[in-house]
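Input: a single structure, listed below in structure tokens.
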Amino acid sequence: MSAVAPVKDFLSILDLSAGELTRLIELAAQLKTDRRLGEQASTARALGGAHVAMLFEKPSLRTRSTFEIAIRELGGHPLHLPPEFANGAREPLEDIARNLERWVRALVIRTFAHEKARSVAAAAPTLHVINALSDAEHPCQALADILTLRERWGECRGRTLAYVGDGNNVATSLVHAAPQFGISVHLASPPGYTLPAAVIEETAPLARSGARVRRFTDPREAVAGVDAVYTDVWTSMGQEQEADVRRRMFQPYQVNSALMGVAALHALFMHCLPARRGEEVTVEVFESPASVVFDQAENRLHTQKALLLMLLS
Ligand code: CP
Ligand code: NVA
């Protein structure tokens, strides 16, 4: 299985070309099939005992667990660093990175300011740095989302997905990725919470097969006839003090049966998780046959394995 990409870091979906992204998704699908081989899988020792450091400044179930399992199943060793190291109080984060690069092959980092991940990557020229979510982007999530859509749809070209909710880190990476697979994206957010126009502009030249990203205010207009509806929490980690205001602003953007009823009959429901049932999505939609949220969660493992192989092996 050939997996080499000439990239050092994965801080953004935009760090990989459309061709590399396609190869990554194909590799992930293969790794998913091969997982049943366990130790007999051809990739079981691919990392050759390399260490991969993990620094998570915010809570995580999916990202942290799937990276740990991915590293182990590829024959590497995870090294967990205490979250408070990320605040730079004991020593600058750049110095931590310069230490780590003498011992480990990669650093998986979840932090607040995206700039922090960038400066860590710049400080350590031989350390592969992977963004496990920043306030600005969540590129690992978008990889799993694309694999999930590919599994459900076969061919992604010509499909349309509506993202209803906050124009946040998850929305940004989804908009970076989906058009590169020929998927159009309709965005519906309340005024003041829309995805920055710059995100749409930087992705437009990369779109394939005529895929377009369009912004809407009315969620029903955004969802009309689409093949999938995606949402995320209204209040992301670090925004807890805004929760009451956000709950009021986002109420008309709840994904419920009435809204799903406007989408195509076969439309999927997607969520990166964790979900707040009764807020951005109703229990009914979350638990419906349309919901592929646990496929997305499973696919975090396979896509991150593929990513580690592409960056490190
Ligand atoms: N979707 C996601 O990144 O989940 P965690 O915050 O649990 O890692
Ligand atoms: N937008 C959410 C995603 C969690 C996986 C957050 O940043 O908290």
Side-chain angles (χ1 to χ4, degrees), residues 13 21-22 24-26 28-33 35 60-63 65-66 69-70 133 138-166 168-171 173-188 211 219 222-233 253-307:
I13 283 289
L21 287 171
T22 301
L24 190 153
I25 298 299
E26 282 165 5
Q30 184 64 53
L31 290 162
K32 186 168 183 173
T33 306
R35 191 168 187 229
S60 170
L61 169 67
R62 280 147 290 273
T63 312
S65 309
T66 51
I69 296 165
L133 181 148
H138 195 3
C140 294
Q141 179 66 51
L143 297 177
D145 299 339
I146 297 293
L147 177 58
T148 306
L149 292 174
R150 212 191 76 139
E151 288 172 344
R152 293 288 172 153
W153 292 341
E155 178 56 66
C156 289
R157 276 179 295 184
R159 299 281 190 164
T160 302
L161 173 153
Y163 177 93
V164 181
D166 192 17
N168 61 13
N169 44 10
V170 168
S173 293
L174 195 61
V175 164
H176 282 162
Q180 300 202 52
F181 289 85
I183 304 166
S184 290
V185 183
H186 290 181
L187 297 161
V223 167
V226 299
D227 302 294
V229 180
Y230 200 124
T231 192
D232 183 15
V233 288
Y253 294 80
Q254 182 187 65
V255 179
N256 49 34
S257 297
L259 189 63
M260 287 301 288
V262 181
L265 212 55
H266 59 262
L268 304 172
F269 170 72
M270 304 181 78
H271 195 306
C272 58
L273 304 182
R276 291 189 74 95
R277 292 169 177 78
E279 290 200 7
E280 74 275 4
V281 60
T282 57
V283 179
E284 203 181 357
V285 171
F286 187 91
E287 300 293 349
S288 72
S291 177
V292 293
V293 300
F294 296 109
D295 290 343
Q296 292 172 261
E298 177 183 346
N299 286 337
R300 298 294 306 275
L301 172 63
H302 312 300
T303 44
Q304 285 160 201
K305 264 189 182 172
L307 176 68

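This is a predicted model, so every value here is computed, not measured.
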Test log, rule side chain to side chain contact (heavy atoms under 4.5 Å, CB included), inputs Glu298 and Lys32: CA-CA 9 Å; Glu298 177 183 346; Lys32 186 168 183 173; 3.4 Å; yes
Working note: Asp295 + Arg152, criterion side chain to side chain contact (heavy atoms under 4.5 Å, CB included); need CA distance, chi angles, decisive distance, verdict. CA-CA 10 Å; Asp295 290 343; Arg152 293 288 172 153; 2.5 Å; yes
Between Met270 and Leu149, is a side chain to side chain contact (heavy atoms under 4.5 Å, CB included) present by the stated rule, with each step listed? CA-CA 10 Å; Met270 304 181 78; Leu149 292 174; 3.5 Å; yes
Verify side chain to side chain contact (heavy atoms under 4.5 Å, CB included) between Phe286 and Leu273, making sure each step is shown before the conclusion. CA-CA 11 Å; Phe286 187 91; Leu273 304 182; 3.6 Å; yes
Start with the C-alpha distance between Asn299 and Thr148, add both sets of side-chain angles, then the distance that settles side-chain hydrogen bond (donor to acceptor under 3.5 Å, both in side chains), and finish with yes or no. CA-CA 7 Å; Asn299 286 337; Thr148 306; 3.0 Å; yes
Output a table of donor-acceptor pairs, distance under 3.5 Å, between side-chain atoms of residues 256-263 and any protein atom two or more places apart or on a different chain; print 'none' if there are none.
residue	atom	partner	partner atom	Å
Asn256	OD1	Ala258	N	3.3
Asn256	OD1	Leu259	N	3.0
Asn256	ND2	Gln254	OE1	3.3
Ser257	OG	Glu284	OE1	3.0
Ser257	OG	Glu284	OE2	3.4

Quiz: residues 178-187 side-chain donor-acceptor pairs under 3.5 angstrom, not counting sequence neighbours:
residue	atom	partner	partner atom	Å
Gln180	NE2	His176	O	3.1
Ser184	OG	Arg212	N	3.0
His186	ND1	Ala222	O	2.9

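Put simply, the side chain of Ser173 never gets that close to the backbone of Val170: no donor and acceptor are under 3.5 Å apart.
Across every non-hydrogen atom of Asp145 and Tyr230, the tightest pair is OD2-OH, 2.8 Å. Of all the heavy atoms in Val281 and Phe269, the pair that sits closest is CG2-CZ, 3.4 Å. The two atoms that bring Ile25 and Leu143 nearest to each other are CD1-O, 3.4 Å, heavy atoms only. Scanning both residues, Glu280 and Pro274, for their nearest heavy atoms gives OE2-O, 4.4 Å. Between Thr63 and Gln304, the shortest heavy-atom distance links the atoms O-NE2, 3.9 Å. Of all heavy-atom pairs between Ala228 and Ala267, the closest is N-CB, 4.3 Å.
Distance CG/Leu133 to SG/Cys272: 8.5 Å, rounded to 0.5 Å. In this structure, Ile146 CD1 and Thr22 OG1 are separated by 9.5 Å, a value rounded to the nearest 0.5 Å. In this structure, CD1 in Ile69 is found 12.0 Å from CZ in Arg300, a value given to the nearest 0.5 Å. Rounding to the nearest 0.5 Å places CG of Leu307 at 5.5 Å from SG of Cys140. The structure places OG of Ser291 at 9.5 Å from NE2 of His271, a figure rounded to the nearest 0.5 Å. Rounded to the nearest 0.5 angstrom, Gln141 CD and Ile13 CD1 are separated by 10.0 Å.
Shown are Val175, Leu174, Val223; of these, the side chain to side chain contact (heavy atoms under 4.5 Å, CB included) with Tyr163 is made only by Leu174.
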